[in-house]
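Presented below is the structure to which this report refers.
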Amino acid sequence: MSDQHSHQNFETRAIHAGNTADPLTGAVVPPIYQVSTYKQDGVGGLRGGYEYSRSANPTRTALEENLAALEGGRRGLAFASGLAAEDCLLRTLLAPGDHVVIPNDAYGGTFRLFAKVVQRWGVDFSVADTSDIASVRGAINDRTKLIWVETPSNPLLGITDIEAVAGVARQAGAKLVVDNTFASPYLQQPLALGADVVVHSLTKYMGGHSDVVGGALIAADAELGEELAYHQNAMGAVAGPFDSWIVLRGIKTLAVRMDRHSENATAVADFLTRHPKVTQVLYPGLAEHPGHEIAAKQMRSFGGMISFRVEGGEEAAVGVCNRAKLFTLGESLGGVESLIEHPGRMTHASVAGSALEVPADLVRLSVGIENVDDLIADLREALG
């Protein structure tokens with residue numbers, strides 16, 4: 001993060017970091033540099049270090065500087081998707097024979113990457129309840145190089161004490177990676193709590209409008225950032241200039257959107273706790289949530305994601321999803337519009353039969369920024 005923005009509050013950094021006025025025209029929004037290559041002033045005479053857009057592109061640079069500033073990191077990197085970012089991270093930090101601790105409640109795509117891709121490369125993993133420090137310690141062995149955390153987790157909204165797990169990682173000589181997608185940097189700052197790398201699916205809250213796919217890594221350490229940047233270029237799954245511009249635009253309203261997401265989700269969670277057909281509500285803003293105190297300590301507020309379980313099992317849960325009208329039935333999350341899904345059949349189908357299998361009666365909500373009374377009325381109708 002540049003010293004220029006380090007003293008500024010989050011909302012100011014979100015709008016200004018990386019967003020310098022165009023030197024040619026004075027345009028206040030960085031241009032979309034839709035270009036593959038750059039004229040050199042003689043062999044090796046690069047203007048601003050740009051030679052080929054896989055290696056660097058000014059629009060992507062603006063986004064990467066913004067990401068680093070928002071997470072308080074030394075280097076930000078933008079990728080074509082969240083899984084592309086994860087793949088680059090794992091191939092940078094791991095080698096055959098290494099071991100990783102992953103959470104027992106993780107995004108299905110992350111589990112698929114470990115179980116179906118990385119493991120075939122000779123990297124082993126163990127599953128732990130990362131909300132339980134003893135469980136994390138018990139999963140570590142002398143080959144552990146990485147501890148992976150999602151908090152809040154997807155889809156069960158589990159909470160992990162980042163600072164405590166960072167201490168365990170340091171003792172083990174391992175690096176701590178935190179997927180901060182559900183919280184966004186506005187609500188949570190993992191690097192300040194001891195994490196080494198933050199992962200984002202930029203598709204979600206950072207973009208915020210369900211119109212772009214992207215991923216990011218933000219490193220706390222400059223040397224690690226350089227190593228990740230080398231592999232980003234060598235592997236090539238970079239964010240394109242238009243996608244980078246779309247995410248950069250979305251980030252400018254991140255703070256106000258997250259405030260509204262959190263406000264709406266709190267009201268929806270309260271409604272669900274009182275509904276007779278709902279057997280459990282999973283939302284860290286509820287006092288009865290087992291991770292509530294830790295979430296209150298490390299998050300600004302509790303975010304827009306809720307999961308809940310219903311009477312009647314899987315078919316009842318699927319029925320709720322199908323009957324919703326204002327909540328759009330669809331995968332993904334974090335857009336201004338509300339979404340509803342059945343994780344067991346949709347986003348987390350890849351974990352079926354594993355230690356990460358999710359309850360069949362689970363429904364997941366991404367609570368948008370619509371009028372909350374309309375959202376509650378839709379859920380009341382869907383629940384029947």
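One is the number of the first residue; the rest follow in order along the sequence. These figures come from a predicted structure and were not determined experimentally.
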Donor-acceptor pair, side chain of [X] and main chain of [Y], under 3.5 angstrom:
X: Asn19; Y: Val29; result: no
X: Ser366; Y: Leu339; result: no
X: Gln189; Y: Pro185; result: yes
X: Asp22; Y: Pro31; result: no
X: Glu71; Y: Val197; result: no
X: His261; Y: Val367; result: yes
X: Arg13; Y: Ala69; result: yes
X: Thr59; Y: Pro241; result: no
X: Arg257; Y: Gly250; result: yes

Name the orientation class of the two ring planes belonging to His275 and Phe271 (parallel below 30°, tilted from 30 to 60°, perpendicular beyond 60°).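 Ring orientation, 0 to 90° scale: perpendicular.
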
Between [X] and [Y]: side-chain donor-acceptor atoms closer than 3.5 Å:
X: Tyr50; Y: Ser55; answer: no
X: Thr328; Y: Glu337; answer: no
X: Tyr107; Y: Thr181; answer: no

Salt bridge (Lys or Arg N to Asp or Glu O under 4.0 Å) between Glu315 and Arg345, intermediate numbers included: CA-CA 11 Å; Glu315 292 308 315; Arg345 293 192 184 183; 2.8 Å; yes

Residue pair Gln232, Glu64: steps toward the side-chain contact (heavy atoms from CB on, under 4.5 Å) verdict: CA-CA 12 Å; Gln232 179 196 39; Glu64 292 177 337; 3.3 Å; yes

Output field: ring centroids Tyr205/His200 closer than 6.0 Å: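 When the ring centroids of Tyr205 and His200 are compared, they turn out to be at least 6.0 Å apart.
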
Is it true that Trp148 and Phe114 have ring centroids separated by less than 6.0 Å?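 Distance test on ring centres: under 6.0 Å, yes.
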
Run through Asp105, Thr151, Asp132, Thr130 and flag the one making a side-chain hydrogen bond (donor to acceptor under 3.5 Å, both in side chains) with Thr160.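 So the option named by the test is Thr130.
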
Around [X], counting heavy atoms of other residues, nucleotides and ligands shown, do more than 12 lie under 6.0 Å from its [atom1]?
X: Glu288; atom1: CD; result: yes
X: Asn9; atom1: CG; result: no
X: Glu11; atom1: CD; result: yes
X: Gln8; atom1: CD; result: yes

Can you list everything that forms a ring-ring contact (aromatic ring centres under 6.0 Å, His included) with Phe10? Sequence neighbours excluded, please.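 For Phe10 the ring-ring contact (aromatic ring centres under 6.0 Å, His included) partners, ignoring immediate neighbours, are Tyr186.
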
Give me each pair satisfying ring-ring contact (aromatic ring centres under 6.0 Å, His included) with a member in residues 303-342, each pair once, sequence neighbours excluded.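 Residue pairs with at least one partner in residues 303-342: there are none.
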
Kindly determine whether Ile218 and Leu70 satisfy side-chain contact (heavy atoms from CB on, under 4.5 Å), including the steps that lead there. CA-CA 10 Å; Ile218 301 95; Leu70 296 188; over 6 Å; no

Ion pair present between Lys277 and Glu311, side-chain N to carboxylate O less than 4.0 angstrom?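 Not counted as a salt bridge, because no side-chain N and carboxylate O are separated by less than 4.0 Å.
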
Measure across Gly76 and Ala68 and return the closest heavy-atom pair with its distance rounded to 0.1 Å.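 Minimum heavy-atom separation between Gly76 and Ala68: N-CB, 3.8 Å.
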
Which pair of heavy atoms, one from Asn371 and one from Asp373, lies closest together, and at what distance?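 Residues Asn371 and Asp373, closest heavy atoms: OD1-N, 2.9 Å.
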
Test salt bridge (Lys or Arg N to Asp or Glu O under 4.0 Å) applied to Glu381 and Arg323, step by step: CA-CA 8 Å; Glu381 191 76 19; Arg323 286 190 296 271; over 6 Å; no

For side-chain contact (heavy atoms from CB on, under 4.5 Å), just list the numbers for Ser307 and Leu156, CA-CA rounded to whole Å, side-chain angles, deciding distance to a tenth of an Å, and then say yes or no. CA-CA 6 Å; Ser307 289; Leu156 299 180; 5.5 Å; no

Please identify each residue that fulfils salt bridge (Lys or Arg N to Asp or Glu O under 4.0 Å) with Asp361, with sequence neighbours left out.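 Asp361 satisfies salt bridge (Lys or Arg N to Asp or Glu O under 4.0 Å) with Arg309 only.
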
